[in-house]
Amino acid sequence: MGYAVLKSPTPFTLHIRCENCMRDSEKVVQIPIGDDVPRDAEELIESVYLESIPFRCQPCGSVIGRLVGITGGNAYGY
Ligand SMILES: [Zn+2]
């Protein structure tokens, strides 16, 4: 029938703490559909996606942030 389900992965929410002003911020990351994409927080941490995600603290402009948690994905939320 030519019926295909394009199931979009659940977006991850990264919780990042700024090393400069210690504010927490959240960044929602939509992982593109494809083979070998992370499906949960553990896989995301081990993947190369995190290194390609830019961080910039809104209040102070610092680009140095520390990942303090990940929610979302299909399972294993904190
Ligand atoms: Zn900051």
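Fair warning: this is a prediction, and the values are worked out from it, not measured in the lab. In this chain, residues are counted from 1 in sequence order. Atoms within a ligand are numbered from 1 in the order they appear, just like the ligands themselves.
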**Request:** Measure the spacing between CZ of Arg66 and CD of Glu19 and express it to the nearest 0.5 Å.
**Result:** 5.5 Å
**Request:** State the count of protein N/O/S atoms located less than 2.8 Å away from the Zn ion (ligand 1).
**Result:** 4
**Message:** Tell me if a side-chain donor or acceptor on Arg56 pairs with a main-chain N or O of Gly61 at a distance below 3.5 Å.
**Reply:** yes
**Prompt:** When rounded to the nearest 0.5 angstrom, what is the spacing between SG in Cys60 and CZ in Arg23?
**Reply:** 7.0 Å
**Item:** Same apolar cluster (I L V M F W Y, side chains within < 4.5 Å links), Phe12/Ile53
**Value:** yes
**Item:** Atom CD1 of Ile64 with >12 non-hydrogen neighbours under 6.0 angstrom
**Value:** no
**Prompt:** Checking side-chain contact (heavy atoms from CB on, under 4.5 Å) for the pair Ile16/Val68: CA distance, chi angles, key distance, verdict?
**Reply:** CA-CA 6 Å; Ile16 302 170; Val68 293; over 6 Å; no
